[in-house]
Structures are given as C-alpha cells and as structure tokens.
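Data block below; observations after.
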Amino acid sequence: MTSVASVVSGSESLADKVERVFRGLVIDKRRLPASQLQKRGVPAYVGEWLLDTLVPGRGELTEEEARKVREWAEKYVPGPNDQQIIKHRLLQGEVIKVLTPVQVEVSLARATRSAKLRLLGIEDAAISDELPTRYPDLLRHGMWGIVELLSTGDGVAIQSFRPMQASLDLGLYKEARQEFTLDEWLRLMLTSMGYAPEAFTAEEQLWLIARLLPLVQKNLHLVELAPKATGKSYFYENISPRVRLVSGGNITPAVLFVNNATGQWGLLARYAVVVLDEVQTLKFEKPEEIIGGLKGFLANGRLTRGGLHEASSDCSFVMLANVPLDEKQEPIIQQNSLVDYLPEFMRETAFLDRIKGLLPGWKIRKLSKEAFANSVGLKADFFGDALLTLREDLEIDQYCARRIRLRGNRPYARNEIAVQALASGMMKILFPHGRVSDWDFRHYCVEPAVQLRQGIWDLLYQLDGEYRQWDRLIEAEIVPMS
C-alpha cells in the first residue's frame, strides 16, 4: 500500500478506488469460489493469496486461469486420501513440495522441537532452529505455507518453508480510510468479508459488521444466535489463521486452557479469537471445570488449571448457536428464553454476565446466491491482519471510555464497560482513522453497542432477580469533548 493523497474525478467507481488506494492488496471476490480451492480444504485467506500469486488479475477467472489453478492444486495441495502416497514418495527419496499448515511444538524434557503437518498425517517432522525464530507464529498457532519435505535416516525433515504473508502498515491503512466516504468504507468492509452489500438492509449490514468485533478488540466475548445458512461460521473459518473455529468433537479443559500433564497451552492461549460453532451440539468433558475456568478467563484474561500453570491471554471467545425461527422470523422460544439454546452449564448468570454482547443473527437473512460478494475487496490475509492489528489501537479505546456514560437511576457498571468496548470495536472497524462526528459516533458505534449488550442484559434480568435492582433498559449518553 502506498501513499493515498491523490485525488481523482468523481466518476471513479468504488472498485477502481479500492484498487488505486490498496494496490496489490485487493482481489475480485468472485475469483475464489470459481477456483474450487476451498473444496480441497484451503481457507479463503490462503486461497486468495494463492490466486494472487498464480493468476493475478481482476474479473472472473477465465477457463485458462481456472485450469492453471486446478493443475497447481492437484500437484501441491494434498487431499485427505494423499497421506500414504506422499509418505511413500518420501521413502522413495523424493523431495515433496506441498501447501499445508505447519505447527511447531517444543519439548523441554527432551530438548527437541518438532513440526506437525496434520494434513499429511505427520506429527514429528524435524525442523531447523532458524525457521521458528524467523517465524514465531509457527510456535503460537501454526502457519500456512509452501513446504519442502524429505526423508532422512531419522524420519521426515522440513528442508524449506515459505509462508504466505501480507504486508501491513497500520498508519497507511488508517490514511487509506480518509479516501473513502462512510458508505464506501462500509461497502468495502462487507465485500472484504465476502458479502454483497446491496443484498442487505442497513440494519443487516451493521449486524454483519459486528461479527468483526472479536477481531479488533481484545477479550471481547460474544454470543451469536442465528438460523443456519447465515454465514456466521464461514466467516470466522476463512478470515485469519489466528482465528480458530471449533466445530464438532470433544471440548476438554486441556483443549481450552492447558494440558497439566505436558504443559501445552490450549486454544485460548494460542489464538486471537476462539469460536465454538453450534455450541449446543458440542460435547464438553468436565463441564464444571470448563465453566469455572471460563468465568475466570472472561473476567480477567487469566488462564489456569488447578494452579499448576498460569498465563494471561487477550483472546476473544465467541459462541455460535443455531436457532429455529417462527413465521415472523423471530426465534422460537422453546422453554424460558434464548439462553435455552446454550449448553445447560453455560446458562449460569455469573458466566453470561462476562459475555459482552448477544448478536441477533436471526435479524440477518439467510444467504442466497446474490448475497455473496461480486466485486473487489481486500484480500482475506491482509484484511484479517489489519483487523487484528487494530486491537493495539488504545487511542480509540480511551476515546470511547472518556465519551460514553450510561444514564439512569441505577446503571450497572459492567454494562457501561461492555458498551464502551463494543462501541470502540465498531469505531475501529468503521472509523479506524479516528475521525467521526458525534452523530455518526452515536448511530454507528454507540447504538449498536447498546443493542448488543441489551441482549445479554435481558437474559440476566430474566434469569436472576439480583440484577433487577439496576435499570432495566441500557441508555447511553455521549459526553461532550472537553
């Protein structure tokens, strides 16, 4: 991305402006679905990087471009049935080149480090000291990249590793925002997420944007209740390698927090965002220990199990649950409230109070063919990195903490903290340059934040009489600038 001070005529299209301002960091969002890469298990943030490397350009993929991508993928992207073939070729003495995620783990007891390439069924590949030092994310949550493997007398070894990387200058990203009107920037955000802005109402657009909040804010915890086919899990799975979507399987304290036997930290320590998909169908082992650990983590960002290990984490925690709708497109309340769509052990009010907001995904229409992006947006790897880097922008956090106060007879302190955090997240997404009028600040940041927190507060108010000593409705005011 280069300096964005240039001015063009009013006839410039939004797509042309996006390309001019962001240069090589954009992609036509129609190209990835046409490539069929995701059918081979490649997430969008990898697929778009690969397309830009192999067949850069704008517009839908041509037959020749699609053929080139398909042939490359067949050669270098391993499928689920290719594990034994790859291992056989390694034993034959071949050097194998593949696109795959790599995770490095260190054993202090054995004074060794090994690489896990789970798509290939390889758990203990040798790796040089230099690669984890150069790319520390290999140790944190793993990285996608092009790997060259060879078989040695002691097993499989990584000969070379070239990660996918996007360049990011947050200062220029903020400067770029000044080139766009609010409407243009909102459309760019939605397109970059993979949605077609014109397919959604203004209200739906803001709820879609709210899915970005856990990325731009540290320790911002959300619940989203939505019917199937609204794209909630698809977005989280495809935005960044630092976002981990958990769908299916057993959830244990060791998986979430730390394995006390090995000292291996769990998901909440290694990722920026952890998302539990279809949370009501997941299997939780030792639910009492899980809810106890989560309450401590959600309250103060500390991870521990039995006092044996302790660490801090700024991970955001998201729970997604499917809800059926009635003929008015409202959630069907099975028993008492929306909380019934969460696992029973997560219905404790002390736990729910630590969730910042409830995203009403039922207010977002189900995705049709017309709902998917059909224009130029930011490449997913760059977009995800930009959002996650905005977590470090404390100026906006401080601005919202100074300017937002709850009014009423007895406002609840945690509601104010939650509204400030949610509004700050909306401001980072829509006004990352920090320039916002009071009207826009209220309409696009504060009011959505109040609605998100009100969803949680309604549950607490209904479930526990203790909360009824405070104001029923959350009302926020904007403090004038001094």
Side-chain angles (χ1 to χ4, degrees), residues 210 213-214 217-226 251 253 256-257 268 274-305 313 315-323 330-362 406 408-423 425 448-476:
L213 287 169
Q217 286 291 79
K218 298 177 180 180
N219 297 113
L220 193 141
H221 316 301
L222 285 182
V223 173
E224 179 175 357
L225 303 179
I251 306 298
L256 284 178
F257 308 122
L268 293 171
V274 170
V275 183
L276 301 187
D277 189 23
E278 297 191 15
V279 67
Q280 70 271 45
T281 66
L282 293 174
K283 295 179 181 179
F284 294 88
E285 296 183 12
K286 301 180 180 179
E288 296 84 3
E289 185 179 350
I290 287 177
I291 200 66
L294 279 176
K295 282 193 294 186
F297 165 69
L298 299 183
N300 54 35
R302 302 297 295 177
L303 293 171
T304 185
R305 280 189 70 201
S313 169
C315 179
S316 294
F317 180 66
V318 181
M319 295 184 293
L320 307 178
N322 290 329
V323 295
E330 293 291 332
I332 297 173
I333 305 301
Q334 296 176 334
Q335 298 177 31
N336 298 314
S337 73
L338 289 172
V339 78
D340 293 325
Y341 292 107
L342 298 178
E344 186 172 355
F345 73 97
M346 288 185 171
R347 300 173 191 175
E348 183 182 341
T349 53
F351 169 73
L352 290 172
D353 196 2
R354 290 163 168 80
I355 303 295
K356 291 292 194 294
L358 187 152
L359 206 167
W362 65 85
L406 295 193
N409 295 321
R410 295 203 69 187
Y412 183 56
R414 275 191 179 153
N415 286 344
E416 183 171 89
I417 293 170
V419 169
Q420 289 170 346
L422 291 162
V450 168
Q451 292 181 63
L452 288 165
R453 180 59 186 180
Q454 186 73 58
I456 292 293
W457 188 238
D458 287 344
L459 297 180
L460 296 173
Y461 218 84
Q462 180 181 26
L463 293 170
D464 193 337
E466 179 184 348
Y467 291 95
R468 295 173 198 147
Q469 63 183 297
W470 288 287
D471 293 337
R472 173 70 178 81
L473 293 178
I474 301 173
E475 297 182 279

From [X] atom [atom1] to [Y] atom [atom2], the distance as rounded to the nearest 0.5 Å:
{"X": "Arg414", "Y": "Ile355", "atom1": "CZ", "atom2": "CD1", "value": "11.0 Å"}
{"X": "Trp362", "Y": "Leu225", "atom1": "CH2", "atom2": "CG", "value": "6.0 Å"}
{"X": "Leu460", "Y": "Asp353", "atom1": "CG", "atom2": "CG", "value": "5.0 Å"}
{"X": "Arg347", "Y": "Leu463", "atom1": "CZ", "atom2": "CG", "value": "9.5 Å"}

Can you tell me if [X] uses its side chain to pair, donor with acceptor, with the backbone of [Y] under 3.5 Å?
{"X": "Asp471", "Y": "Leu473", "result": "no"}
{"X": "Asp277", "Y": "Leu320", "result": "no"}
{"X": "Arg472", "Y": "Arg468", "result": "no"}
{"X": "Gln280", "Y": "Pro343", "result": "no"}
{"X": "Ser313", "Y": "Leu268", "result": "yes"}
{"X": "Glu224", "Y": "Pro360", "result": "no"}

Original post:
When the ring planes of Phe297 and His221 are compared, do they come out parallel, tilted or perpendicular, using 30° and 60° as the limits?
Top reply: tilted

Original post:
Closest heavy-atom contact between Glu348 and Ile291?
Top reply: OE1-CG1, 4.3 Å

Subject >> Minimal non-hydrogen separation, Ala210 against Leu452, with atom names >> reply: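 Heavy atoms of Ala210 and Leu452 come nearest at CB-CD1, 4.5 Å.
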
For a 4.5 angstrom cut-off between non-hydrogen side-chain atoms, does [X] reach [Y]?
{"X": "Phe317", "Y": "Leu276", "value": "yes"}
{"X": "Trp457", "Y": "Asn415", "value": "yes"}
{"X": "Leu222", "Y": "Leu220", "value": "yes"}
{"X": "Arg305", "Y": "Glu289", "value": "yes"}
{"X": "Ile332", "Y": "Val323", "value": "no"}
{"X": "Val318", "Y": "Val274", "value": "no"}

Original post:
For atom CD of Gln469, is the number of surrounding heavy atoms from other residues, nucleotides or ligands below 6.0 Å larger than 12?
Top reply: yes

Original post:
Are Trp470 and Tyr461 close enough, and set up right, to give a ring-ring contact (aromatic ring centres under 6.0 Å, His included), and what steps lead you there?
Top reply: CA-CA 9 Å; Trp470 288 287; Tyr461 218 84; 9.3 Å; no

**OP:** Return yes if a side-chain donor-acceptor contact under 3.5 Å exists between Asp458 and Gln454, otherwise no.
**Re:**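 Asp458 vs Gln454: donor-acceptor pair found between side chains.
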
